[in-house]
There are 2 protein chains.
Amino acid sequence: MELDDTDRAILDILQSNARTPFSEIARRIDMSSATVHDRVGRLEDAGVIRGYHADVDPGAVGLGASAIVGLRIEQGQEREALDALREFEGVHEVHLTTGEWDVMLRVFAEDTDGLRELMFDHIAQLDGFARSQTMVILGTEYEAEGLPILDDDAE
Amino acid sequence: MELDDTDRAILDILQSNARTPFSEIARRIDMSSATVHDRVGRLEDAGVIRGYHADVDPGAVGLGASAIVGLRIEQGQEREALDALREFEGVHEVHLTTGEWDVMLRVFAEDTDGLRELMFDHIAQLDGFARSQTMVILGTEYEAEGLPILDDDAE
DNA sequence: AGTGAAAGGTTAGACCA
DNA sequence: TGGTCTAACCTTTCACT
């Protein structure tokens with residue numbers, strides 16, 4: 001789908017506050033709210049907008065520990081391992097990567113003990129598990145509210 | 001802030017769809033929408049809900065490349081480096097970590113050339129930059145819609 | 001694609017239990 | 001806290017451009 005400046009302006013607003021009323025978006029981009037409604041629907045249908053999510057403070061819901069994990073998986077067992085990984089509570093993101101690790105994860109747990117349990121009792125027991133490295137997150141310095149919306153791509 | 005089951009149910013719904021009308025949340029958790037309104041306001045004020053963000057497909061906005069980057073920073077220059085990092089367009093997350101790397105980043109760029117530019121022309125030029133490793137993301141296998149809301153913490 | 005108008009639904013805030 | 005009420009506001013649709 002081709003995006004124009006209006007689409008990008010709408011995306012920018014919805015990335016920073018997904019609950020902004022269409023009527024206010026309309027005011028800000030100087031269009032009618034019927035248009036905003038129409039455009040947002042089109043962006044959703046095209047898969048440009050994949051959803052709207054509340055950003056919850058992990059600490060506030062009892063998730064006091066988080067880590068980035070590199071995993072090495074035995075050749076040929078990637079599929080089973082990946083399918084199993086996503087089922088673990090606490091596994092938040094699963095990425096396939098080049099370089100030292102085949103898979104990188106972002107995981108959350110209640111505390112460091114929960115992290116240990118997830119890593120040793122669950123992930124290290126997977127079929128095809130070769131080795132891993134856990135980088136415990138001591139603090140998150142910065143998190144963008146959304147993707148940078150570049151000035152243009154294929155207009 | 002202490003969360004009860006009602007709060008957790010609301011968080012769960014808003015994590016999966018942040019634009020769900022309060023009236024529908026009310027129906028689902030069997031309470032009045034005034035109560036939902038009240039609770040959500042309280043969750044926002046307490047910082048449990050930090051915001052609401054549209055989840056935009058990176059590819060659709062011209063961000064065809066992404067990576068996880070480990071950085072080593074010279075002792076004593078962490079502050080300046082961290083402050084500089086967050087200013088780069090494309091730097092999405094900055095985490096302080098234990099282990100092989102001091103800092104881990106999630107970055108986005110238009111393509112691999114944009115990734116190279118960000119890494120070599122900007123990040124590697126920072127004061128205090130010691131070394132880095134870039135794990136290019138070939139694909140994202142899974143991304144949770146929100147944090148796991150555990151059954152209880154400190155009720 | 002975009003608009004204005006109107007019906008129907010939602011929210012915010014004051015007030016009561 | 002939770003609930004009721006209500007005015008203001010928002011969403012959605014539709015005929016028209």
Side-chain angles (χ1 to χ4, degrees), chain A residues 1-57 59-62 145-146 149-155, chain B residues 1-57 59-62 145-146 149-155:
Chain A
M1 181 187 180
E2 306 250 318
L3 305 180
D4 64 15
D5 289 341
T6 303
D7 293 320
R8 279 192 282 270
I10 292 172
L11 289 175
D12 208 42
I13 293 170
L14 288 176
Q15 280 198 139
S16 59
N17 180 7
R19 287 188 72 92
T20 311
F22 292 174
S23 59
E24 194 193 323
I25 299 174
R27 232 170 282 138
R28 288 206 232 161
I29 67 173
D30 205 43
M31 292 212 166
S32 75
S33 51
T35 301
V36 174
H37 179 255
D38 201 62
R39 293 257 189 171
V40 171
R42 223 134 17 84
L43 291 166
E44 289 171 351
D45 292 345
V48 177
I49 296 176
R50 299 190 290 201
Y52 305 95
H53 306 294
D55 171 18
V56 171
D57 178 12
V61 293
E145 291 197 331
I149 302 292
L150 307 173
D151 293 338
D152 72 319
D153 31 294
E155 248 182 79
Chain B
M1 182 187 181
E2 305 250 319
L3 305 180
D4 63 16
D5 289 340
T6 304
D7 293 320
R8 280 192 280 271
I10 293 171
L11 289 176
D12 209 41
I13 293 169
L14 289 176
Q15 280 198 140
S16 58
N17 180 5
R19 287 188 73 92
T20 311
F22 291 174
S23 59
E24 193 192 324
I25 299 174
R27 229 170 287 137
R28 286 206 234 163
I29 66 172
D30 204 42
M31 292 214 167
S32 75
S33 52
T35 301
V36 175
H37 178 254
D38 201 63
R39 294 256 187 171
V40 171
R42 223 135 16 83
L43 290 166
E44 289 171 352
D45 292 344
V48 178
I49 297 175
R50 298 189 290 203
Y52 305 94
H53 306 295
D55 171 17
V56 172
D57 177 13
V61 293
E145 291 197 332
I149 302 292
L150 307 172
D151 295 338
D152 72 318
D153 32 296
E155 248 182 75

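Within every chain, numbering begins at 1; the chains are lettered A, B, ... in the order of the sequence lines, protein sequences first and strands thereafter. Below, each value reflects all heavy atoms present in this structure, side chains not excepted, and no hydrogens, waters or symmetry copies.
- Considering OG1 of T6(B) and CG of L11(B), their distance stands at 11.0 Å, rounded to 0.5 Å.
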- In 5'-to-3' order, the base (B), backbone-only (S) or no-contact (-) status of each nucleotide in nucleotides 1-17 of chain C, using a 4.0 angstrom heavy-atom cut-off, is SSBB-----SSB-----

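- Rounding to whole angstrom units, CD of residue E44(A) and C1' of dT11(D) are separated by 13 Å.
- No option in H37(A), R42(A), E44(A) other than E44(A) meets the side chain to side chain contact (heavy atoms under 4.5 Å, CB included) test with V40(A).
- A salt bridge links R8(B) with D5(B): at least one charged nitrogen is closer than 4.0 Å to a carboxylate oxygen.
- Side-chain N or O atoms of R19(A) include none that pairs as donor or acceptor with a backbone N or O of G51(B) at under 3.5 Å.
- For the pair M1(B) and V48(B), the tightest heavy-atom approach, listed with the atom from each and the gap, is SD-CG2, 3.9 Å.
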